[in-house]
Amino acid sequence: LVVCARDQNALQFVIDGEHPRPHVEINTHAPFNVVDGLTIEAWVRLKEYPEGQFPPKWQAIVTKGEAWGLTRYSNTNRIAFRTTVGGATHVLAGTETKKLVSGKWHHVAAVWDGSTKFLYIDGVLDVSEAWDGPPDGNTFHVMIGANEQFPARAYAGDIDDVRVWSTARTAAEIATTMRRRLLGSEDGLLGYWRFESVADGADGVPDASANGHHGILHDIDAGAALADDGVLMGAPSPGEYALRFDGTDDAGANTEQYV
């Protein structure tokens, strides 16, 4: 009996002398200049730093320059939802009680519904604050693990299952789908990067949505890019998969899509 799909890889962001700024650059920018709503979701596993060492400030998880982005809050393990309108940046900072544990997977989600910003940690609302927006439109690319406008804010750690929406996802929608794969055709889904396989080249990081917003690896060697202990995701909901009982202990073959 299988209740989970077999997704389990994640993308590693390792900063060293040969790879000073590992990141994924999405191949287009205009569709991500949102005006009515925004949701950014990702699973993250922060790098563990030795005692007394701190990460660089504002490490980028998913950003579009300073228009919008999910980042670390300064050099802490708290998460921040940054947005800019009229050149003025607003930072919604996660609370100390919801700070992430380094080396452990956490789901983070930022939502803007046209009047309020929300920050969710592991499917639970952490903090919210009024903000009218909309975020400034710009020509910076969406980047995973970096900020094109501020190149020094490179991320170190692992990231899995990134989703960007042009709509404000509800608390129930986030909690229900954070551990499930999407179909890719959901309303408002702009981009969906699962990191189950990556390669060099323009389409090396496939977009699993219907939009074809594929990503390009930078400062990441495709052959050693993936960790095999990413977040195990369930099958899409509702009603796209069925269980098959065939008497064989073969987990990879027991969950089948049907039409």
Side-chain angles (χ1 to χ4, degrees), residues 10-26 29 32 38-112 117-122 126-129 131 133 135-136 138-160 162 164 193 215 217-220 227:
L11 191 60
Q12 301 177 101
F13 297 78
V14 180
I15 299 174
D16 58 30
E18 296 183 359
H19 309 89
R21 189 170 168 248
H23 66 278
V24 177
E25 176 187 319
I26 306 308
H29 65 84
F32 297 92
L38 172 67
T39 302
I40 315 160
E41 298 182 71
W43 283 90
V44 299
R45 182 167 57 185
L46 302 180
K47 175 183 174 179
E48 296 182 85
Y49 286 86
E51 186 175 354
Q53 291 188 18
F54 298 93
K57 293 182 178 180
W58 305 108
Q59 283 189 346
I61 299 168
V62 187
T63 67
K64 190 179 191 298
E66 283 294 274
W68 54 257
L70 261 174
T71 73
R72 277 185 184 259
Y73 178 70
S74 187
N75 61 355
T76 73
N77 278 20
R78 295 156 63 192
I79 296 298
F81 179 19
R82 298 172 61 93
T83 50
T84 298
V85 62
T89 298
H90 176 272
V91 179
L92 179 64
T95 63
E96 183 70 17
T97 58
K98 288 287 186 181
K99 69 180 180 182
L100 308 192
V101 177
S102 296
K104 178 181 177 181
W105 283 110
H106 292 275
H107 184 267
V108 294
V111 178
W112 168 67
K117 291 167 63 175
F118 305 85
L119 189 60
Y120 296 85
I121 307 297
D122 295 326
D126 181 21
V127 65
S128 64
E129 190 170 319
W131 188 80
D136 289 341
N138 63 31
T139 58
F140 292 108
H141 289 89
V142 172
M143 289 190 169
I144 301 170
N147 183 327
E148 191 172 26
Q149 195 168 351
F150 289 92
R153 297 178 180 176
Y155 173 85
D158 304 319
I159 298 178
D160 201 2
V162 172
V164 178
W193 302 276
L217 294 175
H218 293 276
D219 276 351
I220 298 176

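Just so you know, these numbers use all the heavy atoms, side chains as well, and skip hydrogens, waters and symmetry mates.
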>> Trp68 vs Val164, test: side-chain contact (heavy atoms from CB on, under 4.5 Å). Steps then yes/no.
In response: CA-CA 11 Å; Trp68 54 257; Val164 178; 4.1 Å; yes
>> Please determine whether the number of non-hydrogen atoms from other residues, nucleotides or ligands lying under 6.0 Å from atom CZ of Phe32 exceeds 12.
In response: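 Enclosed.
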From [atom1] ([X]) to [atom2] ([Y]), nearest 0.5 Å:
| X | Y | atom1 | atom2 | answer |
| --- | --- | --- | --- | --- |
| Tyr155 | Leu46 | OH | CG | 5.0 Å |
| Tyr49 | Asn75 | OH | CG | 10.0 Å |
| Arg72 | Lys57 | CZ | NZ | 13.5 Å |
| His218 | His19 | NE2 | NE2 | 13.0 Å |
| His141 | Glu25 | NE2 | CD | 4.5 Å |
| Ile159 | His23 | CD1 | NE2 | 12.0 Å |

>> Tell me if a side-chain donor or acceptor on Asp126 pairs with a main-chain N or O of Tyr120 at a distance below 3.5 Å.
In response: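 Not at all, since once roles are kept as given, no pair shorter than 3.5 Å links the two residues.
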>> Is it the case that the side chain of His106 and the backbone of Val101 share a donor-acceptor pair, with hydrogens and angles ignored and the cut-off at 3.5 Å?
In response: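 Yes, the answer is positive, given that a donor and an acceptor are paired below the 3.5 Å cut-off.
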Nearest heavy-atom pair of [X] and [Y]: which atoms, and what distance?
| X | Y | answer |
| --- | --- | --- |
| Lys117 | Phe81 | NZ-O, 3.0 Å |
| Ser102 | Asn77 | OG-ND2, 2.9 Å |
| Pro135 | Ala67 | CB-O, 3.4 Å |

> For the rings on Tyr73 and Trp58, is their centre-to-centre separation under 6.0 Å?
Replying inline: yes
> Is it true that the side chains of Thr95 and Thr97 contain a donor and an acceptor less than 3.5 Å apart?
Replying inline: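 There is such a pair (donor and acceptor under 3.5 Å, judged by atom type) between the side chains of Thr95 and Thr97.
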> For the side chain to side chain donor-acceptor pair (under 3.5 Å) test, which of Thr84, Asn138, Asn147, Thr83 pairs with Glu66?
Replying inline: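 Among Thr84, Asn138, Asn147, Thr83, the one that satisfies the side chain to side chain donor-acceptor pair (under 3.5 Å) with Glu66 is Asn147.
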> Yes or no on side-chain contact (heavy atoms from CB on, under 4.5 Å) for Val24 and Trp193, after CA distance, side-chain angles and deciding distance?
Replying inline: CA-CA 10 Å; Val24 177; Trp193 302 276; 5.8 Å; no
